[in-house]
Number of protein chains: 2
Amino acid sequence: MKTIKDVAKLADVSVGTVSRYLNGYKIKEENRKKIEEAIESLQFTSNPMARGLRTNKTFTVGVLIPRISDIFCTQVIEGIEEVLNPLNYGIVICSANDSLQGQTEKLAYLKNKCVDGIILMPVTSAELDVTGIVDSGIPVVLIDRLVKDCELDAVVCDNVNGAYSAVEMIINKGHQKIGIIAGPQEIYTAQERLTGYLRALEDYNIEINEAYIVHAQYNKTGGIDAFRQLMSLPDRPTAIFSTNYPTTVNSMKVMMEQGLRMGEDISLCGYDQTELFQMFNPPVSVVVQPSREIGINAAEILLKRINGDYSRFPQIQRLKTQLIVTDSVKTLF
Amino acid sequence: MKTIKDVAKLADVSVGTVSRYLNGYKIKEENRKKIEEAIESLQFTSNPMARGLRTNKTFTVGVLIPRISDIFCTQVIEGIEEVLNPLNYGIVICSANDSLQGQTEKLAYLKNKCVDGIILMPVTSAELDVTGIVDSGIPVVLIDRLVKDCELDAVVCDNVNGAYSAVEMIINKGHQKIGIIAGPQEIYTAQERLTGYLRALEDYNIEINEAYIVHAQYNKTGGIDAFRQLMSLPDRPTAIFSTNYPTTVNSMKVMMEQGLRMGEDISLCGYDQTELFQMFNPPVSVVVQPSREIGINAAEILLKRINGDYSRFPQIQRLKTQLIVTDSVKTLF
DNA sequence: TATTAAAATTGAAACGTTTCAATTTTTGGG
DNA sequence: CCCAAAAATTGAAACGTTTCAATTTTAATA
């Protein structure tokens with residue numbers, strides 16, 4: 001590997017000048033030319049480790065998500081990439097594997113790796129210790145979920161109104177008995193979506209039936225159990241609002257197994273992942289999150305912090321969701 | 001940030017000894033204790049850049065895939081993570097954004113970043129220049145696709161037999177007129193799957209009808225157009241084998257639009273992504289690829305190369321696919 | 001106890017940059 | 001053409017490790 005010294009020698013200038021050139025400072029035209037020629041002929045590329053050692057910058061950001069194969073997460077990552085790659089930042093991906101312990105470990109790992117910043121989608125809203133990281137000057141931006149007692153920049157969706165609009169739509173189609181598959185109580189987005197549900201019912205003067213509110217793990221079995229539970233109610237709901245992707249998909253699975261026709265025997269509105277849900281017959285009504293934008297905005301805030309701009313801290317962005325309305329929710333009049 | 005010098009001073013030994021300790025060499029029990037105490041009380045963690053500068057190792061591998069939001073890719077990444085993370089390797093993700101140019105750029109980027117190795121899923125099988133990378137000693141392992149005239153370690157699926165088993169199953173259910181949505185001719189996996197199709201027809205003495213073979217881009221519009229084309233044939237096929245995920249999903253979309261019932265009016269067998277396809281009614285027959293295993297095996301080979309073991313180069317692994325048979329392919333007797 | 005071999009430690013050089021005080025070159029006004 | 005000011009360049013120190021030849025300590029043997 002060629003070094004800056006080789007370039008300096010060949011171009012007949014000092015290493016300092018080469019360094020100045022590389023970092024975009026003004027140098028004499030004549031020298032610029034010589035250096036560029038030397039770099040070209042030596043195929044020189046600067047060594048990021050040596051540079052990092054001096055500058056304490058790795059040009060790397062860590063992205064820590066609950067699970068890599070989650071489509072929502074990868075769409076967010078695409079957004080992050082879109083912003084960071086043109087600036088030559090690398091993205092180190094870490095998965096917490098849906099566990100708080102995993103998250104803690106990976107955070108420590110990223111800190112030790114000297115990333116310039118971290119974008120974090122927390123596994124739980126209940127608990128997060130980033131003091132060690134924040135103290136050492138590494139900025140952290142939260143996505144999708146806020147965490148209790150944690151003052152950090154964040155980009156989340158307006159889950160309350162996302163859920164509200166879905167439930168409102170269901171009500172407007174004539175439903176009164178609306179079940180909700182709500183997520184775990186310690187997850188921020190789940191809380192918000194439940195709030196939206198409750199608020200909509202309240203605004204439309206529909207009495208709240210506790211039996212229609214089922215808390216489920218945001219995963220496969222959670223969805224299956226919750227849907228079954230709602231279906232086995234003596235006075236069962238006519239419509240169900242399922243508040244994330246796995247619970248929605250698995251509700252449909254049960255629906256199919258029980259021979260229930262979506263939009264006929266039972267109405268369903270889901271969350272996330274529009275493209276896929278539109279393949280079904282009828283397509284599934286869903287609340288769509290702007291996942292890519294979340295990534296873009298988070299990356300932009302992070303960059304700002306990395307560059308030392310701590311204005312308006314903590315900056316919390318709430319992005320609007322979009323509602324896709326289909327015949328999966330039956331019109332009752 | 002504390003350095004090895006601080007530790008040395010506090011533990012009253014030399015920096016060399018601390019370094020030896022950190023790298024797992026034997027040191028006197030007494031010193032070990034003092035060093036461990038010092039590290040603990042100073043909260044010392046070693047600086048990866050300084051280390052990297054000396055050792056020329058970043059403990060980072062690059063993963064370059066066509067597109068991040070592709071589920072197949074992310075499952076592969078999960079496998080890679082499973083192997084690499086326990087060894088403290090970081091994973092830098094790059095997306096080629098489905099373009100050869102993007103791939104070339106990202107390869108250069110990864111080389112410049114001094115990654116210890118690269119796992120690459122090529123965007124095309126036609127062309128790949130990694131000489132610069134290989135020459136500089138960075139091992140590269142290909143996944144999913146081989147590239148013409150490219151001697152590299154690789155982990156791929158046995159696409160020929162994967163496709164063969166699917167077509168064989170379709171034949172065994174009594175179909176004779178079997179269409180295939182084949183991928184672009186320059187993609188390795190597409191070629192192989194077409195080979196499997198042809199071989200199965202041959203083995204069962206079914207004449208090959210060129211009109212039943214449609215080459216399509218492996219994306220949304222490709223799938224839509226191809227399916228339409230097959231459906232508009234005067235003597236249209238009774239079953240269609242769609243050879244990747246997007247073409248399968250979009251064939252279903254057209255099917256739905258045209259009011260065709262899968263497994264009744266037209267039979268379909270797809271590729272990839274079982275979980276989702278099992279949600280439909282009927283579930284979709286598919287060839288399933290062991291995506292996670294691909295990642296695991298690729299990471300293991302890469303590690304071997306990183307550690308200087310170049311035995312059995314180039315090592316090409318072919319993993320077996322699995323066939324899921326459902327009523328989406330009608331039994332004709 | 002003396003001697004030697006083996007084991008452990010030491011301290012400085014090296015890795016390839018950036019940075020900065022000191023120096024040289026260039027520029028422009030008189 | 002000279003001089004001062006401005007601009008550009010220089011060269012060495014510093015970043016925090018690893019590595020290795022030289023040295024010291026320990027263990028083993030007679």
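Values below: all heavy atoms of this structure, side chains included; hydrogens, waters and symmetry mates excluded. Chain A is the first sequence line, chain B the second, and so forth, proteins listed ahead of strands; every chain is numbered from 1.
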What pairs with B:Tyr188 under ring pair (Phe, Tyr, Trp, His ring centres under 6.0 Å), at least two apart in sequence or on another chain?
none
Which residues share a salt bridge (charged side-chain N to carboxylate O under 4.0 Å, His left out) with B:Arg32, sequence neighbours left out:
B:Glu29, B:Glu36
Restricting to side chain to side chain contact (heavy atoms under 4.5 Å, CB included), what partner residues turn up for A:Gln315, sequence neighbours left out?
A:Asp153, A:Ile301, A:Lys304, A:Arg305, A:Arg312, A:Gln317
Could I get the full list of side chain to side chain donor-acceptor pair (under 3.5 Å) partners for A:Thr124, not counting sequence neighbours?
none
Does anything in residues 46-79 of chain B form a ring pair (Phe, Tyr, Trp, His ring centres under 6.0 Å)? List the pairs, not counting sequence neighbours.
B:Phe59-B:Tyr89
Going by ring pair (Phe, Tyr, Trp, His ring centres under 6.0 Å), name the pairs with one or both residues in residues 5-29 of chain A, residues two or more places apart or in two chains.
none
Taking only residues two or more places apart in sequence, or in another chain, which ones meet A:Lys2 in a side chain to side chain donor-acceptor pair (under 3.5 Å)?
none
Need the bend value for the helix from C:dT1-D:dA30 to C:dG30-D:dC1: angle between end axes, 5 pairs each end, nearest 10°.
30°
Contact state string [nucleotides 9-21 of chain D, B base, S sugar-phosphate only, - no protein heavy atom under 4.0 Å]
BBBBBBBBBBB--
